[in-house]
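Keep in mind it's a predicted model, so treat the numbers as computed, not measured.
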Protein chains: 2
Amino acid sequence: MQIDLDLLYSWGGITKEYKKNEIIFYENTTARFYYQILEGCVRLFNTNDKGKEFTEAYFWCGDSFGEPPLLIDKDYPASAVALRDCTIIRLPKESFLKILEEYPCIQKHFLDLMADRVHSKIMFSKDIINQKPEFRINAFLKAQKNCDNDEKWLVPYTRQEIANFTGLRVETVIRVFLKMKDANKIELVNHKIYY
Amino acid sequence: MQIDLDLLYSWGGITKEYKKNEIIFYENTTARFYYQILEGCVRLFNTNDKGKEFTEAYFWCGDSFGEPPLLIDKDYPASAVALRDCTIIRLPKESFLKILEEYPCIQKHFLDLMADRVHSKIMFSKDIINQKPEFRINAFLKAQKNCDNDEKWLVPYTRQEIANFTGLRVETVIRVFLKMKDANKIELVNHKIYY
DNA sequence: CGGTTCCTTGAGGATGATCAACGAGGGTGG
DNA sequence: CCACCCTCGTTGATCATCCTCAAGGAACCG
C-alpha cells in the first residue's frame, strides 16, 4: 500500500471505476493525476508505429503508477489500461506534490520506489537487449517468480502477454517453451506453464 | 551539481582519483558508497556471458551515479568504469542515507532524479526493444541531442559506443549510417557524424 | 453449442550477427 | 620526416534465427 487512503481523500482524492480495457491515460499526454489502485490490475505499455505493443509493467492492488511524469514535468511515455474492472483513487498532481513536501517519510517511500523501478529497468534491459529469446524469457520468468523457492510455479501469463513483455512474437515464445520443455526447464500441463 | 561539496566533506566524503579504464564498482557486488563526479566521465554498463557490453548510461562532471542500490539494499546491476582520468567524491552509504533524512530538499532532489531515470529508461526501452536498427539509432541520437534546435550536431560518440548503447553491432551501426546518409538524415564529413 | 480467446504448426523470407580482412587517421618516438 | 602502433572505421560473404503470414486446433464460458 502506498499512501494512506484517508490522507488521499482528505487531500482531494476521489475513487474512479474503470471498465476492463478502458484506457486510464494515453502515451504522450500531460500527467495531471496521481493514481493508486484499490482494486484490479493495470498494464503500462507502449505501442509502436506498426501497432505492436510492448508492456512496461503490470500494477496490482495497492500499487501506484504513472508518478514519474508528475515529478519531472514530462508527458507520459506510456499508456495505462485496465486489465480488468478496476477501482482507482485519483489525486490531482498539485496535491500529490504537496503531500510529498509535507510528509518526508512519504517522500522517502517514493524515493525508494523510484530507485526500485530504476533497478528493475536496468536488470530488465540488461537481460532483454542483448540476449537470445530463451534467455529473455528465462529472465522474465525469474524476475516474476522473485521468491527463490524451488517449487514449480504456475506462470500466470498467456504466451501473448509474455511476448509483449519480452519484445518477442507469440510464435517465438511458443517455440521457445517447446524447447525448454524438452530440456526439462519447464513443465507443460495442458497448455499451462510450470516454471 | 548534486549534493553540496562542503556538506559531502563534512559528512565524511573523500575524493578519490581513478585512472582511465579503472573499474569503480563491479556488477553483482554490494553497494557501499555514494559517488559524485568532480572531474571526468563514467560509464555504467553490463556485460553478458559472451563478453558483449551494453551501456546503461554515461555520467559527467557534477553527476552522481549508482544510487539506487544504496536505497533498496540490492547489489549493483551494472559495473562503473572511468572513461578517462576521474576525480570522484565517495561517501559511505550510511552518511548518504542520513543526509537524505536530514535534508528533505535533497531527498526531493533525488526523488526527481530517480523519476527522471525511470522516465528515460522507459523512453529508451520503448524505442530499443521493438524496433529496427535505424529506429534505435535515431532514438538514441535524438535523446542525446535533447535540445530541439535544427542545427546540425556533431555526434560525440564512436560507432562502437553507439553500438554498445543500442545493443547493435558496430558493422550494423556503420551500415545504418550509410543508409541514413543516402537518405539525407545525417551528414558524414570525413567519418564524423552530423545529425 | 457458438463464440472468444488462446495456442500451435509450417513454410518462407528478411535481416542482423558473425567472421575475416583491410583502410584511415592520429600520436609518439627515433 | 618516417616508421610504427593503436584505435576507429569499412566492406563483403555467409549463416542462423526470428518475424511474418496463413491456417487450423484446443480450451473455456455464457
Exercise. In terms of the nearest nucleotide of DNA chain C, which residue is placed more toward the 5' end: A/Arg175 or B/Arg136?
Worked result: A/Arg175
Exercise. Of the nucleotides C/dA11, D/dG9, C/dT8, which has the atom closest to the A/Arg159 side chain?
Worked result: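 Per side-chain heavy atoms of A/Arg159, the pick is C/dT8.
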Exercise. D/dT10, C/dG16, C/dC7: which one has an atom nearest the side-chain heavy atoms of B/His191?
Worked result: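 Nucleotide nearest to B/His191's side chain: D/dT10.
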Figure out the [atom1]/[atom2] separation between [X] and [N], and round it to whole Å.
{"X": "A/Arg169", "N": "C/dG10", "atom1": "CZ", "atom2": "C1'", "result": "18 Å"}
{"X": "A/Gln160", "N": "C/dC7", "atom1": "CD", "atom2": "P", "result": "9 Å"}
{"X": "A/Leu188", "N": "C/dT9", "atom1": "CG", "atom2": "C1'", "result": "15 Å"}
{"X": "A/Glu134", "N": "D/dA16", "atom1": "CD", "atom2": "P", "result": "18 Å"}
{"X": "A/Ile174", "N": "C/dG10", "atom1": "CD1", "atom2": "P", "result": "12 Å"}
{"X": "B/Glu171", "N": "C/dT18", "atom1": "CD", "atom2": "P", "result": "9 Å"}
{"X": "A/Leu178", "N": "C/dG10", "atom1": "CG", "atom2": "C1'", "result": "13 Å"}
{"X": "B/Tyr157", "N": "D/dG9", "atom1": "OH", "atom2": "P", "result": "14 Å"}

For this session: Could you pull out all residues at least two apart from A/Phe140 that satisfy ring pair (Phe, Tyr, Trp, His ring centres under 6.0 Å)?
Result: A/Tyr157, A/Phe165
Exercise. Nearest nucleotide by nearest heavy atom, which residue falls closer to the 5' end of DNA chain D, A/Asn190 or A/Gly167?
Worked result: A/Gly167
Exercise. Where each residue is assigned the nucleotide of DNA chain D containing its nearest heavy atom, which of A/Lys50 and A/Lys192 is assigned the position nearer the 5′ end?
Worked result: A/Lys50
Exercise. Below 4.0 angstrom from OP1 or OP2 of C/dG16, is there any side-chain N or O of B/Thr172?
Worked result: no
For this session: Would you tell me if any nitrogen or oxygen in the side chain of A/Lys132 comes within less than 4.0 Å of OP1 or OP2 on C/dA17?
Result: no
For this session: Verify the cluster assignment for B/Val176 and B/Tyr195: are they in a single hydrophobic cluster under the rule of side-chain heavy atoms below 4.5 Å apart?
Result: yes
For this session: For atom OH of A/Tyr26, decide whether the heavy atoms of other residues, nucleotides or ligands shown that lie under 6.0 angstrom number more than 12.
Result: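 Counting other residues, nucleotides and ligands, OH of A/Tyr26 stays at 12 neighbours or fewer.
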For this session: To the nearest 0.5 Å, tell me how far A/Asp63 CG sits from A/Leu44 CG.
Result: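 Spacing of CG (A/Asp63) from CG (A/Leu44) equals 11.5 Å.
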Exercise. For the side chain to side chain donor-acceptor pair (under 3.5 Å) test, which of B/Glu161, B/Glu56, B/Glu53 pairs with B/Arg43?
Worked result: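 One option only clears the test, and that one is B/Glu53.
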